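A short worksheet on the structure shown next.
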Amino acid sequence: MKKFFLILAFAAFLATSCRKIEVDGSSTTPPPTGGENTTLIGRITENRTLKANNTYVLSGLVYVTNGAVLTIEPGTKIVGELSQKAALIITRGAKIIADGTADKPIVFTSASSTPQRGDWAGIILLGNAPTNSSFNGVAGVGEIEGGVNNSDGLGLYGGTNAADNSGVLRYVRIEYAGYAFLPDKEINGLTFGGVGNQTIVDYVQVSYANDDSFEWFGGTVNCKHLISFRTLDDDFDTDNGFAGKVQFGIAMRDSAVADISKSEGFESDNDANGSTLSPQTSPVFSNMTLVGPRATSTNVGNSLFLAAAQIRRNSALSFFNSIVMGWPQGLLIDASKGTPTDNNIPNSLAIQNVIIAGCAAPVKYAASTTSPTGANDASILAWYNTAASGNSILSSNDDVKLTAPFNYGNPDWTPQAGSPALTGASFGSTKLSGFTSVSYKGAVGAGDTWFKGWTKF
């Protein structure tokens, strides 16, 4: 009997000694043989398909590498392990094919039965499209935020291929993600780094993020039908040369929840220093509906909310045919750091056919102290109000006449009869080449249901 126990102990020692140590994504998630391993850990180095009849667990930082394709069937659920700050990172050259349907969306969410924002880290797509970032002295390559880079460079992004393809995200929900690795070095609900314009991103909802819902670092990816629901920081953050096109997007804020860094609908920088590095951050947004914390003028909400759109640090973001409602500030042209942002007006920065409603300060300007341009609040307001631009300012959110824009449980951004959003959109600008031409302003037209069914509020 004593010999039998010794044999058992020796066998247990061998099993423990041979177990792989998973550090910094160095282990490999093997492709399934027989019964499927539903825990994803370390690196996925071969093509793999996740099946809808399973629930999968992301354990720690999971990298798709080596040109592998991770395919996820419609209706599949993937949860992030709570204690590991789990993230899914699609590295340069690899792909994700998460192609859900309206009745079978793919859901990334918390493993907790009582989920909270920040339960897991999020999804990161990294590609080879251009960026103005640099890393270790190499221009055109950036290190993505969030502490996911390692000695193998699996957290790097950027290159020279604007038509790079990182796969498909369609009919996907991302819930309770976001991780603050360091201040201003966070993982967002969905992060793009140098993602190219052959990537498909359509019908994606990010809810209860613990930082930004969507953030783009460089790249050229085009996106449609995006929803940011009750995030902590910014809804749509653009940096380091992002030059993609985004159409039909909704942001809805929780009036009680905002970030210490100041929360906004759009936050846009050319880079952290406001430099003149190229490619310049110059995304184009159209048909956006940005609903802030102020359902009424007396409902101020969290004091950390700043603006629906803060365009700063030499960004040339443009937006068209959109609705901004219920924010402390509507549009903030911020020239206070780096090359003054208003130098991009009117050639590369355009705001046209936009409704700003129910904002305490509809249009504001922050001047440069080092290179003043002479602009001020009045001159930027006059530019916004140029008749040819088709912009308007309404004193009350009710004047927009949307169905239920501030209803957290059952929101509806459809314009009602008599709404000024039903007409007045224009797609004559050359910046809007490739956009879908519609007659209405905002993300939703009369009779639209694209934000229903696959979403969760």
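The first residue in the sequence is number 1, and the count goes up from there. This structure is a prediction, so every number in the text was calculated from the model and none was measured.
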Can you give me the closest heavy-atom contact between [X] and [Y], atom names plus distance?
X: Arg170; Y: Asp99; answer: NE-OD1, 2.8 Å
X: Gly326; Y: Cys359; answer: N-SG, 4.1 Å
X: Leu125; Y: Ser166; answer: CD2-CB, 4.3 Å
X: Ala86; Y: Gly80; answer: CB-CA, 4.0 Å
X: Gly189; Y: Ile174; answer: O-CG2, 3.7 Å
X: Ser110; Y: Tyr176; answer: CB-CB, 4.1 Å

Subject >> Matching residue for His225 among Phe451, Phe248, Tyr171 - test: ring-ring contact (aromatic ring centres under 6.0 Å, His included) >> reply: Phe248
Subject >> Trace of the side-chain contact (heavy atoms from CB on, under 4.5 Å) decision for Ile96 with Ile72 >> reply: CA-CA 8 Å; Ile96 182 172; Ile72 305 176; 4.0 Å; yes
Subject >> Within 6.0 Å of NZ in Lys245, more than 12 heavy atoms from elsewhere >> reply: yes
Subject >> Enclosure of Lys77 NZ (heavy-atom neighbours >12, cutoff 6.0 Å) >> reply: no
Does [X] reach the side chain of [Y], with side-chain heavy atoms less than 4.5 Å apart?
X: Phe236; Y: Val246; answer: no
X: Ile187; Y: Asp211; answer: no
X: Pro405; Y: Met325; answer: yes
X: Trp216; Y: Cys223; answer: yes
X: Phe435; Y: Val284; answer: yes
X: Gln280; Y: Asn314; answer: yes
X: Pro105; Y: Tyr203; answer: no
X: Leu58; Y: Ile78; answer: yes

What's the spacing between [X] [atom1] and [Y] [atom2] if we round to 0.5 Å?
X: Leu50; Y: Leu70; atom1: CG; atom2: CG; value: 4.5 Å
X: Asp254; Y: Tyr408; atom1: CG; atom2: OH; value: 4.5 Å
X: Thr339; Y: Asp342; atom1: OG1; atom2: CG; value: 11.0 Å
X: Thr341; Y: Arg313; atom1: OG1; atom2: CZ; value: 9.5 Å
X: Phe108; Y: Leu88; atom1: CZ; atom2: CG; value: 5.5 Å
X: Leu82; Y: Asp119; atom1: CG; atom2: CG; value: 5.0 Å

**OP:** Could you tell me whether Asp235 and Arg253 have a side-chain N and a carboxylate O separated by less than 4.0 Å?
**Re:** yes
Subject >> Basic-acidic side-chain contact under 4.0 Å: Arg312, Asp334 >> reply: no
Subject >> Full working for side-chain contact (heavy atoms from CB on, under 4.5 Å) between Asp152 and Arg43 >> reply: CA-CA 12 Å; Asp152 292 330; Arg43 301 184 188 186; 2.7 Å; yes
Original post:
Just by modelled atom types, is the Gly153 backbone N or O under 3.5 Å from a matching donor or acceptor in the Asn150 side chain?
Top reply: yes
Original post:
Do Phe229 and Tyr208 have ring centroids that are under 6.0 Å from one another?
Top reply: yes
Subject >> Any pair counted as ring pair (Phe, Tyr, Trp, His ring centres under 6.0 Å), so long as it reaches residues 307-343, sequence neighbours left out >> reply: Phe266-Phe319
